[in-house]
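These notes concern the structure reproduced below.
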Amino acid sequence: MGKQFISTQIIRGHKSDVYDVAVCSKFTVSVSGDGHIKTWSHKGEEEPVNDILVDSLGLHHVDFWENDGTLIIGTVAFSGILYLFQYTDNELVPLNCELKKNNWALKFHVGVEDQKHRLLTTQHNGSAEVYELTVEEGKFSLQHEKTLEDLNRTFALSIDVSSTEDSKIAIGYMNGTVSLYDFRTLRSSYTFTSTAIKSESSAVRCVKFSPGGTLLAVASDSESYGTISLYDVKFGEMAGSLIAPTNSNHAIGAGFAHERWCFSLDFNQDGSFLASGGMDQKVRIWDVTTREVEATITMALTDLPDDKLTDDLNSKSNIGCLSLKYFGKGIRQIDGDDRNEGLVLVGLDQSVRWYREAGGV
């Protein structure tokens with residue numbers, strides 16, 4: 001292992017599991033089963049910048065669209081409702097838009113070259129909805145374009161869009177398949193099946209394109225384990241698998257990335273490293289070229305201050321990672337050293353954890 005990550009801040013920020021996190025230029029955004037969306041300053045203040053109770057049933061996905069000074073944040077609730085906010089005068093202002101219900105995952109896309117700006121959402125029935133996004137004189141609007149139908153009619157769990165001129169859309173399904181669409185035409189390119197061992201759970205938990213759009217990383221269930229496969233986007237062919245090293249073939253299953261399901265993936269800015277977060281309380285940093293683990297972060301309740309370890313947390317047998325994001329150099333300035341990339345993690349310990357890579361020039 002060639003990298004080390006230093007913990008810079010841990011905040012017990014919610015009263016329930018934290019399901020997703022995002023990092024924009026202004027702050028970190030977290031959403032939780034407690035129904036709150038919160039934003040956290042990049043300067044490290046302990047209290048959130050914004051804190052809104054959005055939906056009492058809880059929130060599970062969050063993403064943002066940031067372009068030309070406009071910041072839009074979207075979050076999906078367990079009720080299936082997609083809530084949108086515009087960041088204006090240091091406040092999250094709710095937006096009223098006509099949107100389909102029964103949403104699950106969401107993805108904003110800032111158009112490259114002459115592409116459209118879009119919002120995409122997956123649905124419980126396996127379809128995905130595509131909306132064109134426009135902002136004119138500060139006014140935000142969405143126009144429904146198309147419904148992407150899935151012939152298998154299985155739950156669409158995950159979605160991503162590559163940020164390239166020839167962008168693709170990837171959608172991962174509960175039955176272990178992944179479908180790719182051309183972003184411009186919204187036509188199906190191809191569908192491939194996860195290499196995970198087929199079982200009652202073969203769900204594709206996360207799909208993530210590399211920054212250059214040449215690779216697609218897919219996190220899937222394989223029985224109780226978490227697998228990560230890499231695919232060549234141009235040809236839809238498998239390019240390799242990520243396997244954590246062990247002293248025994250039985251220590252982590254017969255060659256898997258995580259001992260339990262892997263819920264989150266994210267590439268660093270140049271695509272040379274991939275971070276994965278698992279329910280085994282491990283976050284692994286992978287060298288994309290060598291396919292080897294460069295660093296491992298272990299999440300533990302003992303990382304939290306003693307005054308934050310309440311009975312409900314101490315009773316948890318697992319505090320696995322549910323979401324993670326890389327952030328670039330110069331974003332977080334809490335420790336006076338912003339020369340390196342960092343990671344933010346959230347999960348079952350109700351906390352938001354920030355790390356930065358050690359070293360640097």
Hydrogens and angles aside, do [X] and [Y] bring a side-chain donor and acceptor to less than 3.5 Å of each other?
X: Asp51; Y: His36; value: yes
X: Thr121; Y: Asn103; value: yes
X: Ser79; Y: Asp55; value: yes
X: Thr70; Y: Gln86; value: no
X: His258; Y: Ser276; value: yes
X: Ser30; Y: His14; value: yes
X: Asn50; Y: Thr39; value: yes
X: Glu66; Y: Ser25; value: yes
X: Thr147; Y: Glu129; value: yes

inquiry  = Nearest 0.5 Å, please: how far is OG1 in Thr296 from CD1 in Ile285?
reply    =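 Taking CD1 in Ile285 and OG1 in Thr296, the distance rounds to 8.0 Å.
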query = Which value, rounded to the nearest 0.5 Å, describes the distance between Leu148 atom CG and Leu186 atom CG?
reply = 6.0 Å
Kindly state whether the ring of [X] and the ring of [Y] have centres lying under 6.0 angstrom apart.
X: Trp104; Y: Phe155; value: yes
X: Tyr19; Y: Phe78; value: yes
X: Tyr225; Y: Phe256; value: yes
X: Phe209; Y: Phe267; value: no

Quick check with a 6.0 Å cut-off and a 45 degree axis cone: is [X] positioned over the face of [Y]'s six-membered ring?
X: Arg118; Y: Phe108; result: no
X: Arg332; Y: Trp354; result: yes
X: Lys3; Y: Phe273; result: yes

inquiry  = Are Ile319 and Tyr355 linked, directly or through intermediate hydrophobic residues, by side-chain heavy-atom contacts shorter than 4.5 Å (ILVMFWY only)?
reply    =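 Yes, Tyr355 and Ile319 fall within the same hydrophobic cluster.
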query = Are more than 12 heavy atoms from other residues, nucleotides or ligands located less than 6.0 Å from atom CD of Gln4?
reply =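 For Gln4, atom CD is not crowded (no more than 12 foreign heavy atoms under 6.0 Å).
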